[in-house]
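Quick notes on the structure that follows.
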Amino acid sequence: MKQHILFSALFMFFGCSSTNETQELEQKPTNQIVLIFNKPVQNGYYLIPEGGGRSQERNPNGDEIQFLDDNMIEQLLHINIGAESDTVIVESKRGLVEIRLMYKGVDELKYLFQNGDSVIFNYTGIKPIAKVINRQEDYTVTNFSLVERDNIAVDEYTALDVTKMPILLYYRARNMDREEHAAYVKGIDQAALRNIPLEIEREFKTLEALKEEQKISNDQFQYRLQNIYFQLAELRASPLLKNKIEDEKASTLKNSIDNLVKRYPKIGIERSDSLIYNNAYIKYLLYTTGIDIGKKVSSYNYNTGQSGGSIMNYPQAYDSIQAMVNLTPIEKKRVQFGYITALFRDSGYFPIEKRWEYLNKFKNDYQDSAMFDFLVKKFNIKFKIDDDLELVDKAGKVTSLETLIASHKGKVLYIDYWASWCGPCINEMPSSKQLQKDLANENIAYIYLSSDRTDHPWQKAMERLELNEGLHFRIDNAGYTTKMEELNIPSIPRYMIYDTKGQLVNNNAPRPSQSKVLKTELMKYIETSQ
């Protein structure tokens with residue numbers, strides 16, 4: 001009801017104001033942007049038409065609005081998918097704010113709105129079409145990203161996006177044999193390279209026409225050019241292309257950048273702190289600094305018994321950024337914030353004390369309480385170390401792993417360590433359900449322990465995946481207990497088996513999809529208990 005009242009009030013307010021009153025309102029920033037979604041359609045999850053059931057997803061929970069807040073923190077805002085109407089407030093003191101909506105699961109549409117704007121989104125199919133209601137703005141200016149895909153791009157996605165992620169179009173080859181598939185995949189890259197100059201020229205003409213007709217502001221014009229430039233620059237920075245000037249991809253990207261700079265000489269030279277709020281620039285900055293840092297720091301190697309790998313040493317990367325002279329202070333801060341975020345995201349690979357050390361180092365280096373508080377909340381950071389896993393069930397009741405295991409003595413336990421954000425974990429769930437059906441009459445308890453930091457994504461994932469069977473808990477202290485190190489769980493998914501006496505007998509058990517070998521393993525412990 002509140003959302004409908006707000007919508008009606010906005011409509012009456014802006015609809016009944018005289019031109020002078022509207023112009024006066026435009027001159028008084030409200031430090032917020034109001035987004036009104038009429039019958040919003042899900043785009044964080046996308047079922048590909050004629051894709052043989054194949055889907056693309058980045059966030060299936062409705063958190064589909066992305067923007068950098070005034071503290072340079074990437075925020076995700078929720079849309080109430082399926083509602084009649086939903087209103088979302090974006091808070092910012094900046095004059096122009098880039099807001100990105102997820103599109104077709106893996107794509108995103110970029111909108112630029114002014115401080116104080118109120119915007120209505122109506123959907124045509126899955127397409128979110130925006131209209132600014134407090135001032136006059138051309139359709140193409142407001143919905144430029146959508147126009148790029150509908151009218152400028154040769155294929156379903158822009159050529160720059162396909163060059164970066166050719167897998168976007170792999171679904172079309174699902175029924176081909178191996179040779180046909182290989183030829184098709186090669187053709188995707190070749191077609192995208194041919195289309196890059198053509199599409200960029202179309203973008204130039206569209207933008208220049210809007211500028212000539214005085215329909216687009218200089219700030220928006222420059223932003224769209226920067227968006228093209230830094231997408232090209234990120235692709236061109238690939239280590240695979242750096243020393244291959246004659247390579248078709250390298251030369252196409254280099255020529256496109258040279259033509260852009262020749263046409264707009266200042267585009268690659270002017271750098272200001274405001275660039276840090278341009279998503280294309282952020283991606284370029286993080287990618288190129290990551291390449292440089294990767295050459296200077298060591299990798300952390302891990303081994304879980306049956307598998308292993310390596311990951312960047314984020315503390316070393318943080319220190320290396322501090323010594324770089326080619327970055328501005330605000331760029332250093334943003335990149336180092338990224339490495340602190342990664343340190344806590346991949347917490348299983350690094351000792352608790354090391355994570356605390358670098359979190360405090362970041363806080364002392366920049367005295368930024370907003371970023372510090374964000375990290376503490378996002379990763380549920382605790383400043384004490386527990387001996388056992390603290391488990392919270394769906395009703396909020398707290399127990400421990402040892403207590404849980406002890407309470408199920410007499411049963412074989414199959415424990416699934418997973419999380420809502422873990423794709424491989426989720427891919428195993430159908431097999432896990434089938435396993436329970438196949439062994440329904442056996443003396444086995446199925447326990448699912450989620451590493452989600454908060455309840456909301458965990459509960460939503462269980463609802464979406466229809467995880468109605470088994471015992472479900474969230475690990476509330478996953479990164480702050482010696483038990484995770486004792487069990488050697490640097491990454492998930494991970495599966496373990498306890499026998500009927502409560503003893504851990506396999507700390508790296510087969511996955512549910514390894515049905516035959518897993519059933520044999522489980523039955524072995526059932527039979528030995530009889």
Side-chain angles (χ1 to χ4, degrees), residues 67-68 70 72 92-100 108 110-115 137-138 140-145 147-148 152 158-161 163-164 195-238 241-242 245 249-292 324-335:
F67 83 105
L68 273 179
D70 291 353
M72 297 188 297
S92 176
K93 296 178 181 179
R94 305 199 303 275
L96 199 64
V97 179
E98 176 192 81
I99 293 174
R100 308 184 322 274
E108 61 185 23
K110 299 179 180 180
Y111 300 86
L112 286 177
F113 297 126
Q114 295 179 13
N115 193 321
E137 184 169 83
D138 184 82
T140 300
V141 174
T142 307
N143 298 280
F144 192 82
S145 281
V147 171
E148 278 184 313
I152 293 175
T158 67
L160 286 173
D161 284 338
T163 300
K164 185 176 182 179
N195 292 335
I196 284 176
L198 173 63
E199 291 183 12
I200 290 177
E201 184 60 30
R202 289 177 178 176
E203 286 185 286
F204 290 160
K205 288 182 178 179
T206 302
L207 288 169
E208 287 169 353
L210 290 169
K211 187 175 183 181
E212 186 176 342
E213 296 166 9
Q214 298 184 336
K215 292 180 178 179
I216 188 170
S217 70
N218 186 61
D219 285 343
Q220 289 212 25
F221 182 82
Q222 290 298 320
Y223 164 84
R224 295 296 178 184
L225 291 179
Q226 289 168 346
N227 193 61
I228 299 168
Y229 177 83
F230 288 113
Q231 285 185 82
L232 286 167
E234 181 188 351
L235 289 169
R236 181 66 184 89
S238 169
L241 301 177
K242 204 161 190 178
I245 303 302
K249 182 179 288 188
S251 60
T252 297
L253 295 171
K254 181 180 184 301
N255 291 340
S256 296
I257 291 173
D258 291 345
N259 290 337
L260 177 57
V261 173
K262 183 177 180 180
R263 200 162 188 163
Y264 308 101
K266 295 183 179 181
I267 193 67
I269 300 173
E270 293 184 340
R271 283 175 65 189
S272 65
D273 286 350
S274 63
L275 261 181
I276 209 73
Y277 296 102
N278 183 316
N279 182 252
Y281 178 67
I282 285 291
K283 288 181 177 179
Y284 165 77
L285 175 67
L286 296 178
Y287 180 69
T288 52
T289 53
I291 292 172
D292 291 341
M324 293 182 75
V325 297
N326 61 321
L327 300 180
T328 67
I330 198 168
E331 288 172 339
K332 284 186 178 182
K333 179 180 178 181
R334 179 62 185 84
V335 175

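Here the structure is a predicted model, which means the values were calculated and not measured.
Here the rule is side-chain contact (heavy atoms from CB on, under 4.5 Å) with I267, and of L260, I257, I228 only L260 fits it.
F221 contributes atom CZ, which lies 5.5 Å from atom CG of L207 (distance to the nearest 0.5 angstrom). The structure places CD of E203 at 10.5 Å from CG of L198, a figure rounded to the nearest 0.5 Å. To the nearest 0.5 angstrom, N279 atom CG is 3.5 Å from R100 atom CZ. Rounding to the nearest 0.5 Å gives a distance of 8.0 Å between CD of E208 and CG of L225. With rounding to the nearest 0.5 angstrom, the CG atom of D219 is 9.0 Å from the CD atom of Q114. Between atom CG of residue N227 and atom OG of residue S145 there is a gap of 7.0 Å, rounded to the nearest 0.5 Å.
The minimum heavy-atom distance linking Q231 with A280 is given by the pair CG-CB, 4.5 Å. Considering every non-hydrogen atom in both R202 and I152, the closest pair reads NH1-O, 2.8 Å. The two residues V141 and R224 have their closest heavy-atom pair at O-NH2, 4.1 Å. Here the shortest heavy-atom pairing between A237 and I291 reads O-CD1, 3.5 Å. Listed here is the closest heavy atom pair of S238 and Y287: CA-OH, 3.4 Å.
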**OP:** Kindly determine whether T289 and E331 satisfy side-chain contact (heavy atoms from CB on, under 4.5 Å), including the steps that lead there.
**Re:** CA-CA 10 Å; T289 53; E331 288 172 339; over 6 Å; no
Subject >> D292 and M324: CA distance, side-chain angles, deciding distance, side-chain contact (heavy atoms from CB on, under 4.5 Å) verdict >> reply: CA-CA 10 Å; D292 291 341; M324 293 182 75; 4.3 Å; yes
**OP:** Could you walk me through whether K283 and E108 pass salt bridge (charged side-chain N to carboxylate O under 4.0 Å, His left out), step by step?
**Re:** CA-CA 14 Å; K283 288 181 177 179; E108 61 185 23; 3.6 Å; yes
**OP:** Assess whether side-chain contact (heavy atoms from CB on, under 4.5 Å) is satisfied between T252 and T163, documenting all intermediate values.
**Re:** CA-CA 11 Å; T252 297; T163 300; over 6 Å; no
Original post:
When you look at L160 and I196, which way does the side-chain contact (heavy atoms from CB on, under 4.5 Å) test go after all the steps?
Top reply: CA-CA 6 Å; L160 286 173; I196 284 176; 4.0 Å; yes
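No donor-acceptor pair closer than 3.5 Å links the side chain of Q226 to the backbone N or O of L275. Using a distance-only test at 3.5 Å, with no hydrogens or angles considered, no donor-acceptor pair links the side chain of K93 to the main chain of D70.
Listed by chain and residue number, nothing satisfies the salt bridge (charged side-chain N to carboxylate O under 4.0 Å, His left out) test with E199 (two or more places apart in sequence, or in another chain).
A salt bridge links R263 with E201; the closest basic N to acidic carboxylate O contact falls under 4.0 Å.
The aromatic rings of F230 and Y281 lie perpendicular to each other, with more than 60° between the two planes, well past the 30° mark.
By the 4.5 Å heavy-atom criterion applied to side chains, F113 and T142 are counted as neighbours. A heavy-atom distance below 4.5 Å is not found between the side chains of I276 and L68. Side-chain contact between V335 and L286 is present, with at least one heavy-atom pair separated by less than 4.5 Å. Considering only heavy atoms from C-beta on, F144 stays 4.5 Å or farther from Y223 through its side chain. Counting heavy atoms from C-beta on, the side chains of I200 and L232 come closer than 4.5 Å. Side chains of L285 and L327 form a contact here, defined as non-hydrogen atoms less than 4.5 Å apart. Between N218 and K211, some side-chain heavy-atom pair lies under the 4.5 Å cut-off.
Stacking of R94 on the aromatic ring of Y277 is recorded, both the 6.0 Å distance cut-off and the 45° axial limit being met.
The aromatic ring centres of Y264 and F204 sit less than 6.0 Å apart.
Sparse packing is recorded around CD of E212, with 12 or fewer heavy atoms of other residues, nucleotides or ligands lying under 6.0 Å away.
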